[in-house]
Amino acid sequence: MLKRNKYCGHISEEDLEKEVVLNGWVHRVRNHGGVIFLDLRDREGVVQCVVEEKENPEIFELADSLRSEYVVALKGRVRRRPPGTENPKLKTGDYEVVIQELEILNTCETLPFPVDEETHLSEETKLRYRYLDLRRQSMKENLLFRHRAYQITRRVFLEEGFVEVETPFLTKSTPEGARDFLVPSRLHPGKFYALPQSPQLFKQILMVAGFDRYFQIVKCLRDEDLRADRQPEFTQIDFEMSFVDEEDVMSFSEKLIATLFRELLGVELKTPFERLSYREAMERYGSDKPDRRFGLELIELTDIFKNTQFKVFRQAVESGGVVKAINFKGSNLSRKEIDQLTQFVQSIGAKGLAWIKVEDGKLNSPILKFFSDEETQALLQRVKAQSGDVVFFSADKKEMVYKILGNLRLHIGKEYNLIDSSRFDVLWVVDFPLLEWDEEEKRFVALHHPFTSPKAEDVHLLTKALETEHLEDRKSLVHSVRARAYDLVINGYEVGGGSIRIHRKELQELVFRLLEIPEVEAKEKFGFLLEAFKYGAPPHGGLAFGFDRLIAIMRGLDSIRDVIAFPKTQKGICPLTGAPDFVEPRQLKELHIKLVE
RNA sequence: GGAGCCGUAGUUCAGCACGGUCAGAACGCCGGCCUGUCAAGCCGGAGGUCGCGGGUUCAAGUCCCGUCGGCUCCGCCA
């Protein structure tokens, strides 16, 4: 076999008049009768190869039998293309390889879809024939980009003295958080391993072990429903540091992210990144991961309507809720467009969508008749209403208003192309609440995870909350406790999150008491961590980046599937392998598993 | 668990609102011609369970119900 000494995509001036051996796939063949052009492709690119019938009839005949995606090896002389026939679209477009020897290493059946074009393909087709999909340029570039990102990431961690350690995949199920993937134990009937949702506990134990600075690029697994930015298995850049506070973790993170953007995209991010409090993010954008590349901010109106006659608003305010609005300025939306937006908010759980349209100084609205003149005037002034504006309202419990208007804002931003996709909006969201009330479980749950440290100045509120009998009072005390947590948000996606952890037993026990995790259970579920903390746990904290999301955002892609070599469909299926699938009864028996029905 | 969009040739799609020459296009594939193309060109050809099941109707890609699959979103995702 002729063995490659050059990649097709690397043919350049220095190869002129030299002999090269290429290995690759037939990208395209153009037969002109007496001359055949063959575009040969490998990982690095494409080069045109040529054979003329009168010069080399045997090779010409062989080349005539070539079809798309045949695998070939060829030897040839590189020459400059005749003037006027250069192809500026190709990196190697000034040159061509005159074929002297040609070996067909393998044939290829008729393709299910063209590899050489960027035809839109259904997700199912892409994934079923992923090996062909990955031959396509954009997908190939996505993976090569990702590859470079791994290398830069490792280098930056190395420069900063981090140690790479692997943590177990067969581990213990822990309460709180996402649903675990379980692995039945053959050696221990009835017992199960859990696949890790993240290396969280292990990396903290590594800090106790004195490794000081740890990192890992690691798969995490969560058995939850999928989204464009969520796969059941995904990759995190995970790290943890000892003897640090949030400033250390954040500034290292900034170095890593800024380096990736600089070296991969040539984009210089301004450091330190901007910071926004959780509260401000929610109040202005209705989201803890705001996309600030467009306006349409939420406007507070509760005070204006606190005594209103309009029942919908008044009831919301009386029961502790809020009234907020967004003003889609100069949009001149038609009734039909407003109806479509109404349908959208209804699909996410709103009862309806109140609106006012400003037209030539006149107001058009189904709810205006319920407002007093003062309310209308105050409202118009607050939202800075001008002709052409359409104002949308939401009045409900705070969380609901944020959800409705936050999503509506985003929906409008996308639907009406308000987003400047040429820039990156990078920010930290900080000052998260430590705990939030879970209405379903009737208890407090950790917003990040139960090991997140509260701010020192807020700890006394936790103590006080424990002593408070009345639930509403207790809620308001607990909700005012801020966590030493931080999320990195880029273009409206949470690409990373972390915190300074609790490293002292007493504080951890206090948090467990508030989470209503009984001592017995805490001991049973993560007693190993609590025990480790007894033996000299250093103060520590860390962060994990969602690697797939980060790469997708940097590549300007909407779905992380496009940066994962072999992703799953929305139902968690792998069309390439057919996983998940049934297994042999014998396998089940070994695992002591009996299927119901 | 819920909402929306989609499913027609190997691929991407049109046809569906108004049921009746609607089995169509492009690309791909096969055959032929062609010495400078590069999404080569020209001529010819093959290729379909309209996702699946049921219903309405004289008649169903087209309307209705169910179901399966793909995508987006809500719930869920510390």
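Note on naming: letters A, B, ... go to the chains in the order of the sequence lines (proteins, then strands), and numbering restarts at 1 for each one. The analysis underlying the following values was restricted to heavy atoms, covering all of them including side chains, and did not include hydrogens, waters or symmetry mates.
- Proximity of residues 29-38 of chain A to RNA chain B (heavy atom under 4.0 angstrom from any strand atom) is restricted to Arg30(A), Asn31(A), His32(A), Gly33(A), Gly34(A), Val35(A), Phe37(A).
- When each of Leu90(A) and Ala178(A) is assigned the nucleotide of RNA chain B bearing its nearest heavy atom, the one mapping closer to the 5' terminus is Leu90(A).
- Contacts of Thr125(A) with the nucleic acid, taken as non-hydrogen atoms under 4.0 Å apart, involve only primed sugar atoms and P, OP1 or OP2.
- Relative to the ring axis of Phe294(A), Arg409(A) places its NZ or CZ within 45° and under 6.0 Å from the centre.
- Backbone-only contact: Arg561(A) has heavy atoms under 4.0 Å from sugar-phosphate atoms and none from a base.
- Base contact: Lys54(A) has a heavy atom under 4.0 Å from a base atom.
- Residues satisfying the side chain to side chain contact (heavy atoms under 4.5 Å, CB included) criterion with Asn87(A), sequence neighbours excluded, are Arg81(A), Lys89(A), Leu90(A).
- In this structure, Glu53(A) reaches neither bases nor backbone, as no heavy-atom distance under 4.0 Å exists between it and the strands shown.
- Counting any heavy atom pair closer than 4.0 Å across all strands shown, Gln48(A) reaches a base atom.
- The interatomic distance linking Leu111(A) (CG) with U11(B) (P) rounds to 12 Å, in whole Å.
- At the phosphate of U12(B), OP1 or OP2 sits under 4.0 Å from a side-chain N or O atom of Ser122(A).
- Both Glu52(A) and Arg179(A) sit near RNA chain B, but only Glu52(A) has its closest nucleotide nearer the 5' end.
- Asp558(A) meets the side chain to side chain contact (heavy atoms under 4.5 Å, CB included) test with no other residue; sequence neighbours excluded.
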